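Being a predicted model, the structure only gives us computed values, none of them experimental. In each ligand, atom 1 is the first atom listed, and ligand 1 is the first ligand listed.
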Amino acid sequence: MQWYTGNLKLTLAKCVVNLQSGHLLGKICTSEVALAVEHGKFITVEGGEGVGKTVFTKGLSSRIKSAGLGLVQTREPGGTPVAQQIRQIFMSPPPDDSLAIKTELFLVSAARCQHLEKLIRPNLEQGSWVLCDRFHDSTRVYQGIGGGVPQAELETLITLSVGQSDPDLTFILDCDVKVALDRVNQRSSSDESGNRYDEASVDFHETLRNGFLDVARRFPKRVVVLDASQDPDTVIDQAIKEINMRFGTSV
Ligand SMILES: Nc1ncnc2c1ncn2[C@@H]1O[C@H](COP(=O)(O)OP(=O)(O)OP(=O)(O)O)[C@@H](O)[C@H]1O
Ligand SMILES: Cc1cn([C@H]2C[C@H](O)[C@@H](COP(=O)(O)O)O2)c(=O)[nH]c1=O
């Protein structure tokens, strides 16, 4: 017999129980009660600059939480105090000491190790879901395809830092580069937040977009591409449909 309560799965074997109003009453032989916490699902969100990852992650998070599931929303680089300090260096190195591409690779990998060890794995083990804005596919695209680190070297470092903790599901938000850049420009004019690739050419952003689509082709079982030119609620609805189909949930 099994009960699901939030993220907790209770399994009872060979025992007599009384059920009243959904509560478990009566005598239970504890040696025959298995208390299993099912691992939470690990979902990542990827895509180029300005496609809508932040808005999507926030909206999807609240929909999953409203369904009664525990969820931690996080992002990379970052997610723990140390990883956040690495993010500062990564995002804003001193102007007279710009980052070599392999330094970038080591920085995002170090931040990821810390993030996995201190935040992601402990939460998944306790049954909480983790929704992460960017993860290793960003490394494949930005440091690999964009930055030119050879794929074999990059995959070695990804394997070393991620180990068995590959995401269960990845959403790649995809849309026309000009649409995404218009969104970035509108956002920048309102909040003045800078971006690492503000000065990059449209061609470079096209390379990133194609890089993510290439990742989707390489990992078809894990990755789902969503059309991010649609309105935010439609994109989130499509993601939820996919989540329910894959994980048997009713979010
Ligand atoms: N589906 C959408 N339709 C229209 N506008 C959107 C949509 N999603 C996000 N936006 C707007 O586009 C801008 C960029 O969105 P957001 O910050 O979510 O993108 P991002 O992918 O997280 O960007 P970055 O890669 O720079 O972190 C914001 O001003 C946001 O309000
Ligand atoms: C994880 C990861 C990120 N990056 C880059 C991609 C973006 O330009 C920034 C993060 O900014 P955001 O506004 O939080 O999306 O970092 C990267 O180059 N490599 C990575 O592995």
Next on the checklist: So does Ala152 get a backbone contact from the side chain of Thr156, meaning a donor-acceptor N/O pair under 3.5 Å?
Outcome noted: yes
Checklist entry - At under 4.0 Å between heavy atoms, which part of Gln143 makes contact with ligand 2: side chain, backbone, both or neither? => result side chain
Next on the checklist: Tell me the contacting part of Val108 for ligand 2: side chain, backbone, both, or neither, using a 4.0 Å heavy-atom threshold, strictly below.
Outcome noted: side chain
Checklist entry - At what distance, to the nearest 0.5 angstrom, does CE of Met91 lie from CD1 of Ile86? => result 14.0 Å
Checklist entry - Please state which protein non-hydrogen atom is closest to atom 19 (O) of ligand 1 and give its distance, to 0.1 Å? => result Gly52 N, 3.2 Å
Checklist entry - So which heavy atom in the protein is nearest atom 5 (N) of ligand 1, and how far is it from that ligand atom? => result Arg183 NE, 3.5 Å
Next on the checklist: So, applying side chain to side chain contact (heavy atoms under 4.5 Å, CB included) with Phe171, which one of Val223, Val225, Leu60 is it?
Outcome noted: Leu60
Checklist entry - Where on Met91 is there a heavy atom closer than 4.0 Å to ligand 2, on the side chain, on the backbone, on both, or on neither? => result side chain
Checklist entry - Please state which protein non-hydrogen atom is closest to atom 17 (O) of ligand 1 and give its distance, to 0.1 Å? => result Arg187 NH1, 2.8 Å
Next on the checklist: Counting only heavy atoms closer than 4.0 Å, does ligand 2 sit against the backbone of Arg87, its side chain, both, or neither?
Outcome noted: side chain
Next on the checklist: Checking contacts here: is it the side chain or the backbone of Arg112 that comes within 4.0 Å of ligand 2, counting heavy atoms only? Could be both or neither.
Outcome noted: side chain
Checklist entry - Which protein heavy atom lies closest to atom 25 (O) of ligand 1, and at what distance to 0.1 Å? => result Lys53 NZ, 2.7 Å
